[in-house]
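Both ligands and their constituent atoms are indexed starting at 1 by order of listing.
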Amino acid sequence: MIGCITQWCGVCKFCTGGRPYLCPIQFAGRPEGAAPRLAANGELIMQFANLSSFAEKMLCPERSLVKIRDDMPLDRACLIGCGVTTGLGAVLNTVDVPAGASVVVIGCGGVGLSAVQGARITGAGKIIAVDAQPWKFDLAKDLGATDCIDAKDGDPVAAVHELTGGGADFVFECIGLVPTVQQAVGMTGRGGTTVLVGVVPVTEMVPISAADLTLQEKKITGSYMGSNRFRFDMPKYIDFYLDGRLRLDEMISSRIPLDGVNDALDLMRKGEAARQVIVFD
Ligand SMILES: NC(=O)c1ccc[n+]([C@@H]2O[C@H](COP(=O)([O-])OP(=O)(O)OC[C@H]3O[C@@H](n4cnc5c(N)ncnc54)[C@H](O)[C@@H]3O)[C@@H](O)[C@H]2O)c1
């Protein structure tokens, strides 16, 4: 099984219209006023996104689960539950990236590296990965990037314009910072599309030039959880892994026990790991 936060009701306009990832039920959780069903040491526990993935046992709605092939190793399947589905789906589902299109991915974490792979799988032309940690570039190139830009070395927007001859067809922002969202719009070429995948803190606004959008007909769209229909998409992504198109082993920096989770999160905050997998005994 893989668990996914985008559980769905099956009857609302989003589910019946083919976009179950937008189903409002996923944010509902327990009925209003009802106590959580989990407790530890006598204290009630709230479940993040109705899943609680840092736990040895989970209590979750049936419609947040998908059954997968028995020959899929679980320590790699787990990557598909969020980051891979988000990055891959942003490229394969949210927008229509034609073969040969130029693509920029800002941020080479688990989400961004999956977007790089989505661009490779869909047959993009130039695939430019941008990050502030140059150690990620070998990995990004291994997974499909044709060019890499060090965000700390000069102006990354100018560098993209130079590589693409005036801006990219698609730019995927996979960090969630105000300056990198602005850079993403700046890197997008005339008629191109900026896809916001990273989650900017809800308290922050992003100033951008509206005239830039109008006069160059640029588009901006958000992408939530890779616009997934996860019971359809995740088995497909597993087939992609097992037939060699989707590369997951390379994205795993380390395997750790559950009690290493805080150190693992610190490493991720510092940008020093791609993905770390908790292995439960
Ligand atoms: N849209 C969705 O549905 C969805 C789902 C899951 C996660 N997310 C969001 O996606 C984002 C990325 O998640 P992740 O797990 O890949 O994060 P991550 O921390 O693993 O990766 C972030 C990457 O950005 C790089 N970076 C940081 N600041 C930078 C800068 N100024 N310039 C260039 N590179 C910089 C880091 O070095 C790192 O490689 C987060 O905002 C997360 O909340 C969105």
Apart from L196 itself, what residues make up its hydrophobic cluster when side-chain heavy atoms of I, L, V, M, F, W and Y under 4.5 Å apart count as a link, directly or indirectly? V178, V181, V185, V200, V206, I208, L213, I220

Can you list every pair that meets side-chain hydrogen bond (donor to acceptor under 3.5 Å, both in side chains) and has a residue in residues 183-197, with sequence neighbours left out? T188-T194

Which residue and atom name correspond to the protein heavy atom nearest atom 10 (O) of ligand 1, and how close is it? G198 CA, 3.7 Å

Looking only at protein heavy atoms, which one is nearest to atom 37 (O) of ligand 1, and how far off is it? D131 OD1, 2.6 Å

Out of T180, V111, I5, who gets a non-hydrogen atom closest to atom 31 (N) of ligand 1? T180

Do any non-hydrogen protein atoms sit less than 4.0 Å from atom 17 (O) of ligand 1? no

Using the side chain to side chain donor-acceptor pair (under 3.5 Å) rule, pick out the option among T86, T94, T6, N93 that qualifies with N228. T6

Closest to atom 12 (C) of ligand 1 among protein heavy atoms sits C174 O, 3.2 Å

Measure from atom 15 (O) of ligand 1 to every heavy atom in M268, R269, R275, K270 and give the option owning the shortest one. R275

Among all protein heavy atoms, pick out the one at the shortest distance from atom 28 (N) of ligand 1; state its residue, atom name and that distance to 0.1 Å. L177 CD1, 3.8 Å

Drop me the distance from I238's CD1 to M72's CE, to the nearest 0.5 angstrom. 5.0 Å

Of G87, A274, G109, which has the heavy atom at the shortest distance from atom 22 (C) of ligand 1? G109

Selection from K136, K152, Q133 by shortest heavy-atom distance to atom 38 (C) of ligand 1: K136

V199-ligand 1 polar pair, N/O distance under 3.5 Å: yes

At what distance is the nearest protein heavy atom to atom 32 (N) of ligand 1, and which residue and atom is it? A151 CB, 3.6 Å

Selection from E173, E272, M251, M225 by shortest heavy-atom distance to atom 3 (O) of ligand 1: M225

Taking side chain as C-beta onward, heavy atoms only, is C60 less than 4.5 Å from L51? yes

Going by the 4.0 angstrom heavy-atom rule, the piece of C82 near ligand 1 is side chain

Going by an N to O cut-off under 4.0 Å, is there a salt bridge joining D239 and K236? no

Can you figure out which of L267, V197, D150, I175 has its heavy atom closest to atom 41 (O) of ligand 1? I175

Min side-chain heavy-atom separation D169-T164 under 4.5 Å: no

So do the side chains of R275 and V84 get within less than 4.5 Å of each other, counting heavy atoms only? no

List ligand 1 atoms under 4.0 Å from G107, heavy atoms only on the residue side. 24 (O)

Please work out whether any backbone atom (N, CA, C, O) or any side-chain heavy atom from C-beta onward of A90 is under 4.0 Å from ligand 1, and answer side chain, backbone, both or neither. neither

Purely on distance, is any nitrogen or oxygen of G271 under 3.5 Å from one on ligand 1? no

Cationic N near anionic O, under 4.0 Å, K141 to D138: no

among protein heavy atoms, the one nearest atom 5 (C) of ligand 1 is T86 OG1, 3.3 Å

Ignoring hydrogens and angles, state whether a donor on the side chain of S64 or N50 is under 3.5 Å from an acceptor on the partner side chain. no

Should P235 and K67 count as side-chain neighbours, where that means a heavy-atom distance under 4.5 Å? no

For G83 and ligand 1, answer yes if some heavy atom of the residue is under 4.0 Å from a ligand atom, otherwise no. no

What protein heavy atom lies closest to atom 33 (C) of ligand 1? Include the residue and the distance to one decimal. A132 N, 3.4 Å

